[in-house]
Amino acid sequence: NFVVALVQSCEAVPGKDKLKKLEVDVGGEVLKIVTNASNVKDGSRVVVAKVGAIIDGEPLKKSVVGGCPSEGMLCDSTMLGWSGGGSGAALL
């Protein structure tokens with residue numbers, strides 16, 4: 001349930017300073033994801049944990065973040081076991 005995705009749109013969440021709402025193409029399916037990763041923009045390639053992926057021993061669920069639906073989560077380098085990735089989402 002971890003896939004590479006292309007960010008198709010990236011917009012600020014109104015009234016939420018650090019949140020962005022994204023539409024990401026995970027290969028034939030477009031998911032809505034809310035993130036606080038400051039390094040993400042239109043055209044970024046990111047690693048996405050889809051609903052059902054196991055994060056910290058628990059399956060990831062659909063949620064509402066900042067009043068917006070979120071159907072997954074962007075992964076950072078630490079989650080993926082990578083070193084030297086810096087802060088924010090792991091960009092490919």
Side-chain angles (χ1 to χ4, degrees):
N1 283 337
F2 293 87
V3 295
V4 174
L6 175 66
V7 177
Q8 293 184 327
S9 70
C10 178
E11 300 176 6
V13 174
K16 304 293 181 186
D17 290 343
K18 296 183 180 183
L19 294 181
K20 297 178 182 181
K21 56 183 177 179
L22 312 175
E23 289 190 357
V24 299
D25 183 341
V26 295
E29 179 183 14
V30 176
L31 301 178
K32 294 178 182 182
I33 295 178
V34 178
T35 185
N36 67 351
S38 60
N39 62 334
V40 177
K41 59 185 180 183
D42 290 355
S44 294
R45 290 203 183 273
V46 295
V47 179
V48 169
K50 294 173 65 176
V51 170
I54 304 299
I55 307 290
D56 294 329
E58 298 289 329
L60 187 65
K61 299 177 182 176
K62 288 183 183 182
S63 62
V64 175
V65 179
C68 301
S70 192
E71 303 170 312
M73 186 170 106
L74 300 189
C75 299
D76 64 19
S77 58
T78 302
M79 287 177 67
L80 299 169
W82 300 351
S83 61
S87 63
L91 302 180
L92 304 176

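- Side-chain atoms of L74 and L22, non-hydrogen and from C-beta on, do get closer than 4.5 Å to each other.
- Neither L60 nor I33 shares a network with the other; the hydrophobic side chains, linked directly or stepwise wherever heavy atoms of I, L, V, M, F, W or Y lie under 4.5 Å apart, form separate groups for each.
- A chain of hydrophobic side-chain contacts below 4.5 Å, direct or via other Ile, Leu, Val, Met, Phe, Trp or Tyr residues, connects V40 to V48.
- For A53, the side-chain contact (heavy atoms from CB on, under 4.5 Å) partners two or more places apart in sequence, or in a different chain, are N1, F2, A49.
- Shortest non-hydrogen contact noted between P69 and V34 is O-CG2, 3.7 Å.
- Across all non-hydrogen atoms, the minimal contact from L80 to A90 is CD1-CB, 3.8 Å.
- With hydrogens and angles disregarded, no donor-acceptor distance shorter than 3.5 Å links the side chain of S44 to the backbone of V7.
- When side chains are defined from C-beta on, I55 counts as touching M79, because their heavy atoms get closer than 4.5 Å.
- In this structure, the separation between CD on Q8 and CG on D25 is 4.5 Å, given to the nearest 0.5 Å.
- Residue M73 holds its CE atom at 13.5 Å from CG of L31, rounded to the nearest 0.5 Å.
- Nearest heavy atom pair, residue A89 against residue A37, reads N-CB, 3.6 Å.
- Rounding to the nearest 0.5 Å gives a distance of 9.5 Å between NZ of K20 and NZ of K41.
- A donor-acceptor pair under 3.5 Å is formed between the side chain of E71 and the backbone N or O of K32.
- Contact between A5 and V26 at its shortest, heavy atoms only, is CB-CG1, 3.7 Å.
- Follow the hydrophobic side-chain contacts under 4.5 Å out from V13 and you reach V65 in the same cluster.
- Counting heavy atoms from C-beta outward, V46 and L91 have side chains that approach closer than 4.5 Å.
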